[in-house]
Amino acid sequence: MTYPAAGAASDPGDSGPAPKTMTDLLALADSERTLMNWLVRQRGAPLGDIVAHTQAELAVAQTMVAALVAAGFLTVDTATDPPIFKPNLVSRKPRTVPDRLWQALD
């Protein structure tokens with residue numbers, strides 16, 4: 001069985017798509033958004049569990065997962081067997097402190 005992006009590295013040093021925010025989920029189709037919400041609660045799942053949850057055909061689930069990986073919503077943990085698809089979301093964008101504030105503190 002082949003998995004979408006099975007050869008893709010999922011380490012933090014990977015130069016893949018940047019993590020998405022919860023707000024970005026609003027742009028997804030209903031089926032993709034429902035899957036992502038479930039994966040967030042599960043903290044990741046193998047393709048077999050995704051097929052069981054969505055009750056979709058294997059090919060349909062693979063296509064959906066591949067699209068979410070390509071868009072940066074999911075990462076693939078290939079260190080496990082079978083590979084685990086994990087949400088690639090941040091709770092909010094990190095805040096940056098202006099340089100002049102740091103200079104004022106020095």
Side-chain angles (χ1 to χ4, degrees):
M1 181 182 300
T2 59
Y3 295 94
S10 61
D11 62 81
D14 187 30
S15 61
K20 303 294 184 179
T21 64
M22 293 298 283
T23 306
D24 293 328
L25 293 177
L26 297 174
L28 294 175
D30 288 341
S31 59
E32 292 174 334
R33 188 172 50 250
T34 302
L35 174 60
M36 283 299 301
N37 287 332
W38 179 77
L39 285 170
V40 166
R41 288 190 302 274
Q42 300 300 312
R43 297 185 181 161
L47 186 60
D49 291 354
I50 292 171
V51 170
H53 172 73
T54 60
Q55 298 179 349
E57 296 291 326
L58 178 61
V60 173
Q62 282 180 322
T63 303
M64 187 182 331
V65 168
L68 291 169
V69 168
F73 286 98
L74 293 176
T75 59
V76 184
D77 182 5
T78 56
T80 61
D81 186 35
I84 303 289
F85 295 93
K86 296 182 177 182
N88 189 27
L89 300 172
V90 293
S91 59
R92 61 179 148 166
K93 297 196 184 237
R95 297 179 186 177
T96 58
V97 178
D99 289 335
R100 66 175 185 246
L101 180 60
W102 286 115
Q103 292 169 353
L105 292 173
D106 286 338

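These numbers were taken from a predicted model, which means no experiment stands behind them. Worth knowing before you read on, the calculation uses all heavy atoms, side chains too, and leaves out hydrogens, waters and symmetry mates.
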Measure the [atom1]-[atom2] distance between [X] and [Y] for me, rounded to the nearest 0.5 Å.
X	Y	atom1	atom2	value
Asp24	Met36	CG	CE	10.0 Å
Leu74	Leu35	CG	CG	7.0 Å
Leu25	Leu89	CG	CG	5.5 Å
Leu26	Arg33	CG	CZ	6.5 Å

May I ask whether Trp38 and Ile84 are part of the same hydrophobic cluster, defined by side-chain heavy atoms of I, L, V, M, F, W, Y residues being less than 4.5 angstrom apart, directly or through others?
->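 Each belongs to a different hydrophobic cluster.
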same_hphob_cluster(Val60, Leu39) at 4.5 Å side-chain heavy-atom cutoff |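 In one cluster with Val60: Leu39, no.
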Looking at Thr75, Leu47, Asp77, which one forms a side-chain contact (heavy atoms from CB on, under 4.5 Å) with Phe85?
->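 Testing each of Thr75, Leu47, Asp77 against Phe85, the sole residue satisfying side-chain contact (heavy atoms from CB on, under 4.5 Å) is Leu47.
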Show the nearest heavy-atom pair for residues [X] and [Y], with the distance to one decimal.
X	Y	answer
Pro82	Pro46	CG-CB, 3.7 Å
Glu32	Ala67	OE2-CB, 4.2 Å
Val51	Ala56	CG1-O, 3.4 Å

Evaluate side chain to side chain contact (heavy atoms under 4.5 Å, CB included) for Val76 paired with Val65, printing each intermediate quantity in order.
-> CA-CA 10 Å; Val76 184; Val65 168; over 6 Å; no
